[in-house]
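Proteins come first, then strands; the chains are lettered A, B, ... in the order of their sequence lines, and each starts at number 1.
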Number of protein chains: 2
Amino acid sequence: MDTLDRRIIAALRENGRATYAELGRQVGLSASAVHERVGKLESTGVITGYHAMVDPSSVGLGVTALIGIHSTDTADDEDVAASLALLTEVESCYRVAGEESFVVKVRVATVDELEQTLGRLRRIAGIARTRTTLVLSTRFEGRPNTSEVDTRDE
Amino acid sequence: MDTLDRRIIAALRENGRATYAELGRQVGLSASAVHERVGKLESTGVITGYHAMVDPSSVGLGVTALIGIHSTDTADDEDVAASLALLTEVESCYRVAGEESFVVKVRVATVDELEQTLGRLRRIAGIARTRTTLVLSTRFEGRPNTSEVDTRDE
DNA sequence: ACTGAAACTGAGGAGGG
DNA sequence: CCCTCCTCAGTTTCAGT
């Protein structure tokens, strides 16, 4: 993991469909060298995948909410997390410190569906209470943090 | 926006580097037909981009926090959002309903850096108070909601 | 670990139904 | 809106250094 790797990663975070040839031009390597490096980054789990970003409302998911989840005293958080994973409308799931056990991000089509989701959440064993924060607008999301942290090698 | 488009979108959310030929095989179209459809989805803003996903701790960003932001009474939320956008450690920014004006997701290397970020936030004009929730672990994040919503055409 | 050569495959545009 | 060509560029492997 050196500076070259970091520059390749930054470029791929910006444009996940960049060609190896293009990446090579940007960092000053041949396409095959980039190909080799990216392959290693993928197989060592540094790069976990490539995904198209989609405008949620264009695919009928215009309602976003952040939901804090209070577990019951006896709850097994692993079980709760597993149950949350089964709900497709739960897009992200964070185990957090504080009064709440989890914070999840949910995306649905309508507030009616949100209500249904809250009902489903409350029926999960181990969930005592939820606290919902409705998202009015997403200013930006999943932005690549190109702080280009340090220049140290691995 | 028909079923074919939705299937192409779902495939690209899963694998953003899928080739047009591969997508064509999956949905039963020629590569050029897929090429044409994807081009339209991109230019109409349905697909907003392609990004490599990276394991945050592998790039030295092992600390994640969710921060609720209370604005001052006189704050202009547009200005606050603009100021938040200037902080590279702020990865996502949501305008929300409720007591807080914004919820942001922040990723930094250490808790020391988190402290610095909180300091920077408090110095932003229009921000009265912050409430930080430390993420202990990310169970899953940005998962494609393949609820394959409806089968209606556009 | 990178380069350059070579064989292969996909990209992307033209033309036609 | 989709297909079939066609050409060029990128991918991917491999021998060499």
(message) Expressed as a whole number of angstroms, how long is the span from B/Ile8:CD1 to D/dC1:C1'?
(response) 12 Å
(request) For DNA chain D, find the residues of residues 29-55 of chain A with a heavy-atom distance under 4.0 Å and give them by number; none if there aren't any. (result) A/Ser32, A/His35
(request) Determine yes or no for a side-chain-to-main-chain donor-acceptor pair under 3.5 angstrom, with B/His70 supplying the side chain and B/Ala128 the backbone. (result) no
(message) Does this structure show an ion pair linking B/Arg107 with B/Glu89, if we count only N-O contacts that are shorter than 4.0 Å?
(response) no
(message) Tell me the interatomic distance from A/Glu22, atom CD, to D/dT11, atom C1', rounded to whole angstroms.
(response) 14 Å
(request) Could you please name the option among C/dG10, C/dA11, D/dT11 that lies closest to any side-chain atom of B/Tyr20? (result) C/dA11
(message) As an exercise, state the distance from NZ of A/Lys105 to CD1 of A/Ile67, rounded to the nearest 0.5 Å.
(response) 12.0 Å
(request) Step through the shown structure and confirm whether more than 12 heavy atoms of other residues, nucleotides or ligands are within 6.0 Å of CD on A/Gln26. (result) yes
(request) Send over the distance from B/Met1 CE to D/dC1 P, rounded to a whole Å. (result) 13 Å
(message) Between A/Ser57 and A/Asp55, is there a side-chain donor-acceptor contact under 3.5 Å, judged purely by atom types and distance?
(response) yes
(message) So, does B/Arg25 get its side chain near the phosphate of C/dG10, meaning an N or O under 4.0 Å from OP1 or OP2?
(response) yes
(message) Can you confirm whether more than 12 heavy atoms, excluding those of B/Glu42, are under 6.0 Å from its CD atom?
(response) yes
(request) Using heavy atoms to find the nearest nucleotide of DNA chain C for A/Arg17 and A/Gly28 separately, return the residue whose nucleotide is more 5′. (result) A/Gly28
